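One structure below.
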There are 2 protein chains.
Amino acid sequence: MMVPFAQTLAARFDSLPAQLQKAARWIEAHPHDVALLSMREQAGRAGVQPATMTRLAQALGYDGYDTVRALHADALRHTRQPGLVATAARRNKLHAGTHEAAAQAMVQHCATQVGALADPPTLAALVRAAALIGQAKRVFSLGMRSSHAVAWHVWYALSLISDRAILLDGVGGVGFDAFAQARDTDVLFVCGVAPYTRAVVEAVMQARALGLRVVALTDSPLSPLISQGDPALIVPTDSASFLHSMAPAFALAECLVALVARGDDPALLARLDGLDRQLAAFNTYHPSKG
Amino acid sequence: MMVPFAQTLAARFDSLPAQLQKAARWIEAHPHDVALLSMREQAGRAGVQPATMTRLAQALGYDGYDTVRALHADALRHTRQPGLVATAARRNKLHAGTHEAAAQAMVQHCATQVGALADPPTLAALVRAAALIGQAKRVFSLGMRSSHAVAWHVWYALSLISDRAILLDGVGGVGFDAFAQARDTDVLFVCGVAPYTRAVVEAVMQARALGLRVVALTDSPLSPLISQGDPALIVPTDSASFLHSMAPAFALAECLVALVARGDDPALLARLDGLDRQLAAFNTYHPSKG
DNA sequence: GGCGCTTTGCAACAAATGTTTTATTAAATG
DNA sequence: CATTTAATAAAACATTTGTTGCAAAGCGCC
């Protein structure tokens with residue numbers, strides 16, 4: 001943990017009076033506690049009067065001890081993801097503040113988030129979800145607003161490997177009416193992040209009522225889209241910019257479909273052969289670059 | 001960060017009243033701040049009365065909110081950089097050949113690919129593309145098949161921050177006819193990977209003929225979608241499964257939009273405020289989980 | 001529609017916080 | 001040794017903290 005406070009302290013430590021040094025020494029040894037404990041508690045543990053802490057902060061040029069603990073709080077916040085700011089800054093030969101630097105920060109932030117999806121709970125949920133979708137008679141895919149792209153892509157990818165996929169969407173899909181023919185052998189894949197669209201939440205409730213299993217791809221374990229007992233895929237949505245990021249959700253959805261496709265479906269190979277041949281002969285698709 | 005509080009919360013979340021859920025959701029989304037911020041500050045950020053936080057703590061069986069923040073403080077103290085060693089150790093726990101292992105391989109492969117996008121040429125292209133889109137009068141977004149989700153998402157995200165975006169798509173969009181009104185102050189964002197759809201390639205040629213600048217997001221420097229002199233974003237599409245992966249393309253597209261939004265548009269802040277408020281008050285969107 | 005219950009917002013409360021002031025002690029200088 | 005200065009301890013201070021009591025507002029149920 002690198003707190004700018006530490007440097008300031010080291011510079012003036014020698015010229016501080018005895019009690020202030022005592023306090024400083026404790027802070028230096030317990031940087032984590034600075035933000036988590038009250039000043040009086042820290043003073044007690046350091047064997048020093050409460051006033052001493054304030055005086056130390058002021059002696060180092062800060063307004064008061066609250067400034068010091070705010071500094072340590074920030075440090076605590078930022079140390080949890082070393083790959084984020086740290087690496088970006090480390091390998092950053094680009095000047096800070098340039099657009100390239102911002103772009104780099106965004107991309108790396110995104111990569112970190114996707115990498116973080118490889119934790120056991122998420123992987124387990126992924127496998128469960130894939131199994132569920134794999135044995136479903138039909139798979140409905142639902143997602144609106146930011147989540148529409150994810151839902152659409154899942155539907156499209158599933159369409160490639162089977163004919164069991166149905167997109168639930170007002171515009172491009174068949175709309176919610178398709179639920180009329182839904183049965184308990186079907187599965188609903190739903191993607192949604194805060195603020196959750198009311199229609200989507202209600203669709204999930206309806207699906208549950210009809211006996212469908214629900215695979216939820218959402219942004220929180222507390223999401224209203226999650227159904228008890230069914231797999232839930234949790235992804236981060238915070239991004240370096242203000243728009244929340246759907247890239248982790250998209251990536252995870254793609255992995256989900258890939259896992260589904262991994263099932264040893266004999267008919268699948270035929271489809272893939274067709275796809276391969278199509279890809280090999282893509283020349284017919286774009287005869288010239290123009 | 002694994003806080004025992006999170007489990008307790010998840011267990012009883014459904015049976016909590018609306019305001020308590022709102023508070024709980026904020027806590028779940030900002031576990032680091034629980035120990036670092038005062039309860040009143042947290043209540044303010046969560047859009048909730050201070051009393052609600054105390055009530056939540058008590059509803060979950062704790063004495064008061066201080067107990068909750070003590071729990072989070074401990075968690076904060078004990079989570080030292082889980083990124084490196086933890087993941088490596090975790091990696092070995094999964095048996096090779098299991099579905100979990102396959103899922104992990106996919107996710108990590110994807111993360112690696114996204115991380116690889118942070119190389120100088122791509123970043124430079126990203127910045128150029130963002131600048132181009134930023135100063136465009138209108139932005140057409142085009143992508144079919146696998147690339148549709150990307151094109152749609154770009155269109156949607158641009159719609160959030162401006163009203164200059166037009167989706168070129170047969171189903172949900174206005175179709176290619178919109179090119180009739182296209183002018184050379186407009187920009188075409190096109191996404192496409194092999195096998196390139198003929199209609200898309202032709203649309204790009206048409207756009208060039210009309211004098212539009214073209215931002216291409218594609219899978220090869222030799223792609224027919226790339227226009228000489230205009231920025232080209234190259235992404236990998238190979239995946240651990242047979243389906244080629246669009247996740248890197250999606251991630252890069254999202255970064256592109258974020259960069260565009262980075263421009264200091266005064267009207268943007270108003271939009272964002274609205275978005276934030278909407279998000280803070282999202283309780284109105286899903287009154288109960290049912 | 002009326003009645004019971006729960007939930008919510010508001011305001012007051014005591015406790016604890018960080019700071020400042022005052023008094024006391026130690027150290028230093030002539 | 002006397003006197004001035006700095007350093008420490010103690011207490012008083014205004015804020016802010018987390019909590020609780022109470023009234024208003026929802027809400028479901030007969």
Side-chain angles (χ1 to χ4, degrees), chain A residues 5 9 12-27 30-31 33-74 198 205 222 224, chain B residues 5 9 12-27 30-31 33-74 277 280-290:
Chain A
F5 172 87
L9 176 58
R12 309 201 202 178
F13 180 81
D14 295 326
S15 59
L16 293 177
Q19 291 299 104
L20 262 51
Q21 284 196 0
K22 198 171 173 183
R25 228 184 292 271
W26 184 90
I27 292 177
H30 308 271
D33 291 330
V34 172
L36 297 175
L37 270 40
S38 82
M39 190 215 75
R40 288 180 118 98
E41 173 69 23
Q42 295 175 47
R45 297 197 184 188
V48 156
Q49 290 280 341
T52 306
M53 306 301 271
T54 298
R55 284 199 256 266
L56 171 62
Q58 292 171 341
L60 295 178
Y62 301 100
D63 286 352
Y65 200 74
D66 274 329
T67 312
V68 174
R69 70 203 320 261
L71 247 45
H72 284 79
D74 281 343
R198 175 181 291 251
M205 291 169 58
L222 307 181
Chain B
F5 172 87
L9 176 58
R12 308 202 202 177
F13 180 80
D14 295 321
S15 57
L16 293 176
Q19 290 300 106
L20 262 50
Q21 285 195 2
K22 197 171 173 183
R25 222 183 282 276
W26 185 91
I27 294 178
H30 308 271
D33 290 330
V34 173
L36 296 175
L37 268 42
S38 80
M39 188 216 74
R40 286 182 121 98
E41 173 71 21
Q42 295 175 46
R45 297 196 184 187
V48 155
Q49 291 277 343
T52 306
M53 307 301 270
T54 298
R55 287 181 181 132
L56 173 62
Q58 292 171 342
L60 295 177
Y62 299 101
D63 286 352
Y65 199 76
D66 274 329
T67 311
V68 173
R69 69 202 323 258
L71 247 44
H72 283 80
D74 281 343
R277 223 171 296 128
F282 72 91
N283 226 40
T284 63
Y285 279 73
H286 68 111
S288 76
K289 187 175 172 181

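Quantities reported herein were computed from a predicted structural model and do not represent experimental measurements. Note on naming: letters A, B, ... go to the chains in the order of the sequence lines (proteins, then strands), and numbering restarts at 1 for each one.
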Can you list every ring-ring contact (aromatic ring centres under 6.0 Å, His included) pair that touches residues 41-62 of chain A, not counting sequence neighbours?
Phe5(A)-Tyr62(A)
When the rotation axes relating C1' atoms of four end pairs to the next four are compared across the helix from dG1(C)-dC30(D) to dG30(C)-dC1(D), five pairs an end, they differ to 10° by 10°
Main-chain N/O of Leu16(A) paired to Gln21(A) side chain as donor or acceptor, under 3.5 Å:
yes
Which parts of nucleotides 10-17 of chain D does protein reach within less than 4.0 Å, heavy atoms only, written one letter per nucleotide 5' to 3' as B for base, S for sugar-phosphate only and - for none?
S------B
Residue closer to the 5' end of DNA chain C, Gly64(A) versus Leu20(B) (nearest nucleotide)
Leu20(B)
With sugar-phosphate meaning primed atoms plus P, OP1 and OP2, does Gln58(A) contact a base, only sugar-phosphate, or nothing at under 4.0 Å between heavy atoms?
sugar-phosphate
When every non-hydrogen atom of Leu20(A) is compared with those of Ala59(A), the smallest separation belongs to CD2-CB, 4.1 Å
Worked verdict on His72(B) versus Ile27(B) for side-chain contact (heavy atoms from CB on, under 4.5 Å):
CA-CA 10 Å; His72(B) 283 80; Ile27(B) 294 178; 4.1 Å; yes
Which residues pass the side-chain contact (heavy atoms from CB on, under 4.5 Å) test with Ala24(A), sequence neighbours left out?
Leu9(A), Phe13(A), Leu56(A)
In the 5' to 3' direction, the nucleotides of DNA chain C bounding the stretch that comes under 4.0 Å of a heavy atom in chain A are dT17(C) to dT21(C)
Would you tabulate the side-chain donor-acceptor contacts of residues 38-55 of chain A under 3.5 Å, counting partners in other chains and residues two or more places apart, or write 'none'?
| residue | atom | partner | partner atom | Å |
| --- | --- | --- | --- | --- |
| Ser38(A) | OG | Glu41(A) | N | 3.1 |
| Glu41(A) | OE2 | Arg45(A) | NE | 2.8 |
| Glu41(A) | OE2 | Arg45(A) | NH2 | 3.3 |
| Gln42(A) | OE1 | Tyr65(A) | OH | 2.6 |
| Gln42(A) | NE2 | Val34(A) | O | 2.8 |
| Gln42(A) | NE2 | Leu37(A) | O | 2.8 |
| Thr52(A) | OG1 | Gln49(A) | O | 3.2 |

To the closest 0.5 Å, what do you measure between CG (Leu222(A)) and NZ (Lys22(B))?
15.0 Å
